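So the structure is just underneath, and the comments pick up after that.
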Amino acid sequence: MRERLEELRGEGLAAVEVASTEDDLREVEVGLLGRKGGITAALKALGKLPPEERPLIGQLANEVKVAIQGAIDVKRSTLGQAALSAELSGEGFDATLPGPALPGGGQHPIQAITRELEDLFLSMGFRIADGPEVELEENNFDALNIPTDHPARESHDTIWITPESQRQGDGRGVVLRTHTSPVQVRALREYGAPLRVVAPGRVFRQEALDATHEHTFHQMEGLVVDKGVGVGHMLHAMNTLIEGVMGRKLETRLRPGFFPFVEPGFELDARCPFCQDGCSVCKGSRWIELMPGGLVHPHVLESAGVDSSEYSGYAFGLGLSRIVMLRYGIDDIRWFMSGSLDFLRQFPA
Amino acid sequence: MLISLNWLSDYVDLSDFSAEQVGELLSLHTAEVEGIEEVGAAIADVVIGEVLECDKHPDADKLSVTRVAYGSNEEVNVVCGAPNVRAGLKVAFAPVGSKLPGNLKIKKAKLRGVVSCGMICSERELEMSDEHGGILELPEDAPVGMPLVEYLDLQDFVIELDNKSLTHRPDLWGHYGFARELAAILGRELRPMELAEVAQEVAPSEPDGRFTIRIEDANSCRFYAGLEVSLDGAGGPSPKWMQRRLRAVGQRPIDLLVDLTNYLLLETGQPTHVFDRTKVRGDLIRVRRAEEGERLKTLDDQERELTNEDLLIADAEGGVALAGVMGGANSEVGDGTSTILLEAAHFAPTRVRRTAHRLSLRTEASSRFEKTLDPVGTWQAVERFVALLRQLRPEARVLGPARVAGSSAPDAVQLELDAVRTVELLGLPLSTDEVSSILRRLGFTVVAKGDQLTVDVPSWRSSKDVRKPIDLVEEVGRLAGYHRIDAQPLVAPIEAIPADPMRSLTRRLGQRLMGAHQAFESQGYTFLQRDWATWLDQRRESFVLVDNPVQDGVDLVRQDWVPSLLDQAAGNWRAVPTGSLFEIGKGYTPQGPGLPAQQRWLCVVLWQRIEDEHHGPGSSFGRARAVAEDLLRVAGVRWAAVPAAAEQLPGGGHPAQSLTYGNGAMLVSTVHPRVRAALDLTDAKLTVVRVDLEALLEAQGRSVSFQPPSKFPAIKCDIALALPANLSFAEIEVALRKAGGKSLVELELFDVYEEGSLAAQGQRSIAFHATLQAGDRTLTDKDEQRFLKKISEVAERLGGSLRS
């Protein structure tokens, strides 16, 4: 019995020694120390020995068991370390291999900026208003103080639904709106004063297509009417808007501009964001013209039923298409309406 | 509009300002400056030279070999072809390395074997005139080496203003208006224009031995002055100084009379016209409408056919000028003209504009009359004309008093202005005195009573642009300087913005399409080419039609966004064989007079190659359907799919491959083969999803209500059925769900197989993942067996079998 135990010890330790995997170790462990293993069997057979031998053999069997278990634990730890180091070594792994293609869709850049600006103005307590693209002559012109004989109304500037022979000059004709400004009139009529509102949307003009001219383009109208509103408030909103679109503050200046529905009217220039001393975008002037605006003409307030002796307001009209071109460096306005995936793919959602 | 700095300086002292500074002043206070150009910059390198020697070229008859001195100790050999070159002559010389107009660079050259170092210039080469018969001869005392520009006092700067920023300012269409503006901005003196005193008398309506004027359409002509002037044979060119100014602002000098009227127009902004008096037949000038079809040959030698909408200046026999637009060829002045009839008139802006536009004949005159000119300026032009003529041709004689018809009285405009409110609106810290002083500088008359100002508007501003108190606010603001206004945040009560459910719905749907469905948001034209009506099998009248389309034949307004998306899909198709575009926006349909009906749509187009087409859930149609139903899920709307009835299907839809949801509010359809063929997309499979967003918003359910998950485990099993091929999936699904009862919590199609031996028997294989689960107990194998048995029975009842 003693010899058998010594034999098992020798075999066991040797087997542990040569084991190179966890599976090998497990096999040794089960073969010797498991329920049906050799040492377990030896311990079970103790009862058959003469009582005087039992303590000694029992002690020996225990010693063998402990020795083998100890060797297994040591080996297991060694193997574990080796396996961990092997895994951490990175051998056979190329992290630079690409994964599978996960194509995503995209957001139209004009819509992307529109949504950004909507959120910006919502945060300042503006509503977002909307008006039809096919609009009444009255809203597009008359209510905006654009007189009946103003050249802008003629077919070479405006796209008309009403046939020329049926245009009466009574405001009831139908046009494709030439600006987002009719939303000023609609919003004032619907909500009255005081009012803060922006209205993004598409507008239409008779233009021959080229890199900088489109007959279909996008604007965003802003309108604030309240007691005591002045030019300084308009300038503040414009500055905030430009910072929002361009991602940083730009120096700005107001200078005179003429639009029949505002008085006084302005053009807002911003410091060219692309140069320090003149470039092709600012044509060397270091200023770029970004946004017309002005104080809402009393005629516009009155035709929407707002008392112009009590209320004043400002309005601005951002050329969305142009500012999106500036923001992304888009060189040709025709990309916007092209639907070309070569273009759209560059603007991930 | 081009403005010469030298010309401005006749009337306001700008000597301490550079051209850039003047431009900046105008930009900040008046109108948009487009650019500034230095006149003479192109010949800045040209200097005065002296021809020291001049010999015949040994090998060329017409060439001379000269020795030219042009500075301190600089002497070179120059070959010259001019007949008037000779020794001792002072000339304009361009040395080697200098530049001439047209970017011509002077290099050392060999002409017939003789080296030539520079060029002696003609007036045309210097762009001083069209003279090219010989070289420019300078006076004997011209100092050698001095830049030519300096010697001839050619230096000037021209400021270009954006015409569009001047449309509301009739007073700014001549130099004097800008001088007045700058004088006001700088607070400097405005020097008066030199005027001649000219007597006037009311023109009788019939001739009385002298010529007379009759205005027959008073609405189109407010005032007409005519003046006869005898030139006493004095024709010929205008003086050099006048030619220089005209050239500087882009006008080609012609002759004395033409140059004089052009000069007058560019100085005062008032167009005038001169007739050859002897060519005007009879003694009566009629200002009348043209007859329908009446013809007039204009000064540009074009025969014009007129309408009753055109205003004509006519003599006894017919038209002699198209009022406010262009003179007639029949009364044109020329070398032989001895007596002229000067016209200065005030024509109605709209009439002039319409005629000019209809005839595509926009002239310097018509573009000014369009602006509603100052009637006082009309008469002043006569006085300025005579003053200038006397300066150029002292022998010219005015024949009798001018005859005038109509009235040159200005619109009297008096306005009340509240100075305090003015300052509040502008956000500028100005006192009432400062407000008054600014207005006075601009020529307004101001009477102040406390902060209330009574303001009389001068004639040059009252004709059009200053009619209301708010117009004065603008005057005060721009003169004080808008750039001095500080940004100021608006203070207002904090209130929640009312919810905008449509905006939040469209944003969620858009995000979902871009994110989960890899679709690209697009923007397409509102206009469709007229063929789309045919392709969509719709009547042309079912579209809103554009009267003056941007392009011939592109005159339909889209009803929804499917056609434009299909056009864009066609544009992408060759390069991108699988893709998807969507657009959110509005479509229009006619509904009688007034505005057309407007509808908000979300439209998606998906395309792929027919050869890549799968059956079952992976098909294009299946994809489109999955997108549609996912959008319903995102919107929180429970609409069931129903095969589209013919009347719900739009023209481009496929009659057998369409589904609708919510009574037609949402549509999934394969694109009709007719449309595919029209777009040359016969090898593409195209499907569309179209959603009526108003209806979808209407149907939006309440928010999600949470269901606690079952605590008991689920059983998953796959079932494959062989079923008759003509049985629709919808019928099968209903039968299976019924058989599965409450414990069938999920039934997901994963395969449809329509080929092989089954197909030969008129059957197809349909396979599902099924999930069974109960809320109150753990299901066992027995439950699964019972379920499969029921499924098997259903399959047999439907004429098929359970395959596994």
Side-chain angles (χ1 to χ4, degrees), chain A residues 103-108 110-111 115 122 125 127-128 132-134 136 149 151 154-156 159-164 172 174 176 194 204 206 215-216 224 226 228-233 235-236 239 253-258 263-264 266-267 295 297-298 312 336-341 344-345 349, chain B residues 27-32 165 167-168 350 353 424-427 468 470-471 473-474 477-478 482-483 485-490 492 494-495 497-498 500 503 507 511 513-515 517-526 544-548 550 557 568 571-572 576 579 581 586 588 595-596 598:
Chain A
Q107 184 166 210
H108 193 283
I110 287 186
Q111 300 305 323
R115 288 168 189 139
L122 282 168
R127 283 171 189 262
I128 304 196
E133 290 153 5
V134 181
L136 285 174
D149 63 352
E154 291 180 9
S155 291
H156 52 97
I159 301 172
W160 282 85
I161 299 297
T162 308
E164 188 150 15
R172 299 219 307 256
V174 177
L176 286 156
F204 310 86
Q206 280 286 0
H215 52 70
T216 303
V224 169
D226 210 330
V229 171
V231 182
H233 302 121
L235 182 60
H236 180 263
N239 286 347
R253 70 171 188 188
L254 286 174
R255 58 181 171 80
F258 173 69
E263 186 77 87
F266 306 93
E267 288 285 358
L295 295 187
H297 198 288
S312 58
F336 287 136
M337 307 298 285
S338 69
S340 165
L341 284 166
L344 296 173
R345 266 199 289 240
Chain B
S27 264
L28 290 178
H29 298 282
T30 305
E32 194 162 328
S165 74
T167 50
H168 62 305
T350 303
R353 191 186 69 244
E424 176 190 285
L425 286 172
L426 290 169
K468 288 189 171 174
I470 192 72
D471 301 328
V473 174
E474 174 179 38
R478 68 184 184 83
Y482 293 147
H483 57 292
I485 297 173
D486 287 327
Q488 190 185 346
L490 184 69
I494 296 173
E495 276 177 288
I497 306 305
D500 190 343
R503 192 163 304 275
R507 282 210 190 180
Q511 286 298 343
L513 282 166
M514 295 180 253
H517 304 301
Q518 297 155 27
F520 286 88
E521 186 181 31
S522 188
Q523 288 279 321
Y525 287 121
T526 299
V544 175
L545 300 174
V546 176
D547 180 53
N548 55 329
V550 290
V557 174
Q568 294 183 340
N572 281 301
V576 188
L581 292 174
K586 297 167 198 160
Y588 296 87
L595 288 184
Q598 169 179 283

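Note that the coordinates shown come from a computational prediction; the quantities given were computed from them, not determined experimentally. Lettering follows sequence order; numbering is per chain, from 1.
B/His517 does not touch chain A: none of its heavy atoms, backbone or side chain, sits under 4.5 Å away. For A/Arg253, the part lying under 4.5 angstrom from a heavy atom of chain B is the side chain only. Proximity to chain B (any heavy atom under 4.5 Å) is restricted, for A/Val174, to the side chain, taken from C-beta onward. B/Tyr525 touches chain A through backbone and side chain together, each having a heavy atom under 4.5 Å away. Interface remark: A/Ile110 contributes no atoms to any contact with chain B (heavy atom separation under 4.5 Å). For a residue to count as touching a neighbouring chain, one of its non-hydrogen atoms must lie under 4.5 Å from one of that chain's; by this rule B/Asn548 touches chain A with backbone and side chain alike. With a threshold of 4.5 angstrom between heavy atoms, A/Leu295 approaches chain B through side-chain atoms but not through N, CA, C or O. With a 4.5 Å cut-off on non-hydrogen atoms, A/Val229 touches chain B through its backbone and its side chain both. For B/Leu581, the part sitting under 4.5 Å from any heavy atom of chain A is the side chain, from C-beta outward, and nothing else. In this structure, chain B has heavy atoms under 4.5 Å from both the backbone and the side chain of A/Pro103. With a 4.5 angstrom heavy-atom cutoff, B/Val550 touches chain A via backbone and side-chain atoms both.
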B/Asp486 vs A/Leu235, test: side-chain contact (heavy atoms from CB on, under 4.5 Å). Steps then yes/no. CA-CA 7 Å; B/Asp486 287 327; A/Leu235 182 60; 6.0 Å; no
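By the 4.5 Å heavy-atom criterion applied to side chains, A/Val134 and B/Gln598 are not counted as neighbours.
Atom CG of B/Asn572 and atom CG of A/Leu344 lie 7.5 Å apart (nearest 0.5 Å). B/Asp500 CG to A/Leu122 CG: the interatomic distance, rounded to the nearest 0.5 Å, is 8.0 Å. Atom CG of B/Leu490 sits about 9.5 Å away from atom NE2 of A/His236, to the nearest 0.5 Å. One distance of note links CZ of B/Arg503 with CZ of A/Arg127; it measures 12.0 Å at 0.5 Å rounding. The CZ atom of A/Arg255 lies 8.5 Å from the CG atom of B/Leu28; values are rounded to the nearest 0.5 Å. In this structure, the separation between CD on A/Gln107 and CG on B/Leu513 is 12.0 Å, given to the nearest 0.5 Å.
The greatest number of non-hydrogen atom pairs below 4.5 Å with chain B, out of A/Ile159, A/Thr162, A/Asn239, is found for A/Ile159. Between chain A and the residues B/Gly427, B/Ser165, B/Gly524, B/Gly477, the largest count of heavy-atom pairs under 4.5 Å involves B/Gly524. Of all the listed residues (B/Arg478, B/Lys586, B/Gln511, B/His483), the one sharing the greatest number of non-hydrogen pairs under 4.5 Å with chain A is B/Lys586. Contact count versus chain A (heavy atoms, under 4.5 Å) is highest, among B/Val557, B/Val546, B/Ile494, for B/Val546. The candidate with the highest count of non-hydrogen atom pairs below 4.5 Å against chain A, out of B/Gly571, B/Ala31, B/Ser27, is B/Ser27. Put simply, of B/Glu424, B/His29, B/Gln518, B/Glu495, the one with the most heavy-atom pairs under 4.5 Å next to chain A is B/Gln518. By number of non-hydrogen pairs under 4.5 angstrom with chain B, the leading residue of A/Ser312, A/Pro132, A/Pro194 is A/Pro132. Put simply, of B/Val473, B/Thr167, B/Leu545, the one with the most heavy-atom pairs under 4.5 Å next to chain A is B/Leu545. Interface check for chain B: of the options A/Ser340, A/Pro264, A/Gly230, the most heavy-atom pairs under 4.5 Å are formed by A/Pro264.
Taking the six-membered ring for Trp and thresholds of 30 and 60 degrees, B/Tyr482 and A/Phe266 have ring planes more than 60 degrees apart, a perpendicular arrangement.
Under a cut-off of 6.0 angstrom, the local environment of CZ in A/Arg115 is crowded, with over 12 non-hydrogen atoms contributed by other residues, nucleotides or ligands.
Nearest approach of A/Glu133 to B/Tyr588, heavy atoms of both residues: N-OH, 2.8 Å. For the residue pair A/Gly339 and B/Ser522, the shortest heavy atom distance occurs at CA-OG, 3.5 Å.
Using a distance-only test at 3.5 Å, with no hydrogens or angles considered, no donor-acceptor pair links the side chain of B/Gln568 to the main chain of A/Leu341. When atom types are taken as modelled, the side chain of B/Asp547 and the backbone of A/Trp160 share no donor-acceptor pair closer than 3.5 angstrom. Using a distance-only test at 3.5 Å, with no hydrogens or angles considered, no donor-acceptor pair links the side chain of B/Glu32 to the main chain of A/Glu267.
A salt bridge does not link A/Glu263 to B/Lys468: none of the charged nitrogens lies less than 4.0 Å from a carboxylate oxygen.
For B/Phe520, there are no ring pair (Phe, Tyr, Trp, His ring centres under 6.0 Å) partners at least two apart in sequence or on another chain.
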